[in-house]
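Reading through the structure tokens given below for one structure.
Just so it is clear, the model here is predicted, and its values are computed rather than measured.
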Amino acid sequence: MDKFLIHGPTRLEGSVSNVTAKNAVLPILAACLLTEEPCVIRDVPQLEDVSTMARLLRSMGVKTELRRRTMKITAGEKVERTATYDIVRKMRASYYVLGPLLGRFGDARVSLPGGCAIGPRPVDLHLKGIAALGAEVKLEHGYIHAKGRPLRGGTMVLEGTSGPSVGATANTMMAAALARGETVIEAAACEPEVIDLANFLIAMGAKIEGHGTPVIRIKGVKRLHGADYRPIPDRVEAGTLAVAAAITHGNLEINGCEPEHLTAVIDRLRQAGATVETGKRRLVVNAERRPGPVNVATAPYPGFPTDLQAQFTALLATGLGTSVVTENVFESRFLHVLELNRMGAKIDINGRMAVIQGVERLSGAQVMASDLRASAALVLAAIAARGDTEIQRIYHLDRGYESLEKKLGDVGAKIERVSY
Ligand code: UD1
């Protein structure tokens with residue numbers, strides 16, 4: 001296993017570039033199951049989750065070839081229709097094979113994902129979506145077994161108690177692309193990654209309208225063909241880098257990002273006192289002093305993303321006055337708070353709310369990463385803290401950030417990766 005040793009405090013200054021979005025690439029790789037023709041996906045980030053998705057596809061008999069950052073995927077005639085527990089328990093996004101397998105073969109067996117550090121993550125909306133297309137869904141031996149041939153277009157509302165679901169919208173869209181007739185998804189997720197998946201499906205020959213709005217209409221087609229596609233930039237990585245600039249009172253230019261996907265984050269950074277300039281595929285964040293108090297409440301897109309809540313909590317922990325962060329999307333996504341408090345932060349949790357009394361400086365400590373975005377929050381806290389921080393279990397970070405230590409190191413952070 002690897003850990004990080006981080007020496008702080010440091011001030012970040014310079015230019016960094018943004019990678020392609022993990023959360024766009026994962027469903028797009030799964031969508032390649034919808035055709036027997038090869039698909040080419042460009043600028044694929046080098047991440048553990050992407051390797052896991054490629055491994056899952058290969059375990060199903062799909063051919064994957066990675067050259068530099070271009071992945072070619074061919075899901076020929078012989079495809080195993082099962083996603084096993086071994087892989088699904090490692091990465092929930094394995095669930096994305098459910099919709100395409102069902103759409104193309106009328107048959108899919110996917111292990112139930114089980115628990116996760118950020119709270120219960122049910123799959124009821126995924127099942128509601130495919131059931132509305134006429135699939136018969138059974139739970140057997142810890143696996144969801146869905147069958148239905150042909151699937152028929154249907155109308156459904158995919159909203160849960162915490163709002164729309166990105167995963168359920170994506171899965172239903174993929175299954176419906178090859179169903180007979182028209183499907184209408186109401187209360188659909190509007191995230192940029194859902195739009196990107198729809199655009200990829202359209203490039204494969206699907207007929208989809210309304211993606212990016214709460215009502216998506218899909219007219220099923222008989223077959224889809226291969227496509228050559230470059231997914232969107234990673235708004236969570238770009239947001240993390242922007243917060244890194246703010247927490248170190250630094251100045252960073254983030255190239256290759258899409259500022260339009262980050263409006264809520266840019267707004268809160270400005271409220272906190274940072275200067276944020278936006279340009280074409282470029283963001284410049286400059287912060288000269290401690291952030292002012294800001295209240296942040298996570299919400300589905302275009303609201304403040306839950307995937308940047310932990311990083312923003314770390315920033316506000318070093319701010320002036322009292323800030324309140326409310327987590328509305330995932331029930332218990334505050335594990336990073338206990339670790340931040342070990343670094344001298346003053347944060348109280350009250351249900352879905354974190355009440356933060358800003359402190360002037362955090363202090364280095366030994367801490368433990370609990371999930372992907374929580375790990376990023378600890379890295380940001382550590383580069384701004386006085387003294388040395390050791391972060392264990394950074395395999396969580398490697399799932400979704402490509403060499404974060406190198407990217408931050410190139411602009412002034414002092415981070416060593418140590419195997420133990
Ligand atoms: C995706 C992202 C994740 C992000 C999340 C919310 C990927 C690989 N992951 O996760 O990084 O944090 O969107 O933006 O893209 N829910 C149900 N029933 C369901 C499905 C979801 O109640 O069947 C609930 C969830 O528990 C959660 C809310 O709906 O409270 C939103 O979850 P969802 O949008 O589905 O998240 P994911 O697609 O798993």
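- Looking at heavy atoms from C-beta onward, Asp267 lies out of side-chain contact with Phe304 at the 4.5 angstrom threshold.
- Using a distance-only test at 3.5 Å, with no hydrogens or angles considered, no donor-acceptor pair links the side chain of Glu48 to the main chain of Gly400.
- Taking the side chain as every heavy atom from C-beta outward, Val359 and Thr318 never approach each other to under 4.5 Å.
- The side-chain heavy atoms of Arg282 and Glu253, taken from C-beta on, include a pair separated by under 4.5 Å.
- The 12-atom threshold is exceeded at CZ of Arg417, counting heavy atoms of other residues, nucleotides or ligands nearer than 6.0 Å.
- The side-chain heavy atoms of Thr20 and Pro231, taken from C-beta on, include a pair separated by under 4.5 Å.
- Within 6.0 Å of the CG atom in Asp124, the count of heavy atoms belonging to other residues, nucleotides or ligands exceeds 12.
- Side chain of Thr213 to backbone of Val215: a donor-acceptor contact under 3.5 angstrom is found.
- Salt-bridge annotation for Arg69 and Glu402: present, with a side-chain N of the basic residue lying under 4.0 Å from a carboxylate O of the acidic one.
- For the residue pair Tyr229 and Asp196, a side-chain donor N or O sits within less than 3.5 Å of a side-chain acceptor on the partner.
- In terms of heavy-atom proximity, Ala377 sits nearest to Leu340 at O-CD2, 4.4 Å.
- Residues Thr35 and Met204 meet the side-chain proximity criterion, which asks for heavy atoms closer than 4.5 Å.
- Contact check for Tyr301 versus His261: side-chain heavy atoms found under the 4.5 Å cut-off.
- By the 6.0 Å contact criterion, CD on Glu360 is open, its count of non-hydrogen atoms from other residues, nucleotides or ligands being 12 or less.
- Between the Arg270 side chain and the Val276 main chain, a donor and an acceptor come within less than 3.5 Å of each other.
- Ion pairing between a basic and an acidic side chain is recognised when a charged N comes within 4.0 Å of a carboxylate O; Arg333 and Glu327 show no such pairing.
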Starting from the C-alpha separation in whole Å, work towards a yes-or-no answer on side-chain contact (heavy atoms from CB on, under 4.5 Å) for Met156 and Glu186.
CA-CA 6 Å; Met156 78 236 29; Glu186 290 179 14; over 6 Å; no

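- Under the side-chain contact (heavy atoms from CB on, under 4.5 Å) test applied with Lys147, the options Leu102, Ile130, Asp107 reduce to a single match, Asp107.
- The pair Glu193-Arg235 counts as a salt bridge, with a side-chain nitrogen and a carboxylate oxygen less than 4.0 angstrom apart.
- When only modelled atom types and interatomic distance are considered, Ser363 and Arg386 share no side-chain donor-acceptor pair under 3.5 Å.
- Annotation for Val88 and Pro113: closest pair CG1-CA, 3.8 Å, computed over non-hydrogen atoms.
- Under a cut-off of 6.0 angstrom, the local environment of CD in Gln366 is sparse, with at most 12 non-hydrogen atoms contributed by other residues, nucleotides or ligands.
- A donor-acceptor distance shorter than 3.5 angstrom exists from the side chain of Tyr143 to the backbone of Tyr85, with no hydrogens or angles considered.
- Applying the side chain to side chain donor-acceptor pair (under 3.5 Å) test between Tyr401 and each of Arg373, Lys407, Glu237, Lys22 identifies Arg373 as the sole match.
- Atom CZ of Arg217 sits in a sparse spot, with 12 or fewer heavy atoms from other residues, nucleotides or ligands closer than 6.0 Å.
- Arg352 CZ: more than 12 foreign heavy atoms inside a 6.0 Å radius.
- Annotation: side chain of Leu252 is not in contact with side chain of Val284 (no heavy-atom distance under 4.5 Å).
- Taking the side chain as every heavy atom from C-beta outward, Asp234 and Pro45 never approach each other to under 4.5 Å.
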Show your reasoning for whether side-chain contact (heavy atoms from CB on, under 4.5 Å) applies to Leu283 and Glu277.
CA-CA 6 Å; Leu283 201 62; Glu277 275 174 48; over 6 Å; no

Derivation of the side-chain contact (heavy atoms from CB on, under 4.5 Å) call for Glu416 and His7
CA-CA 9 Å; Glu416 278 175 70; His7 313 282; 3.1 Å; yes

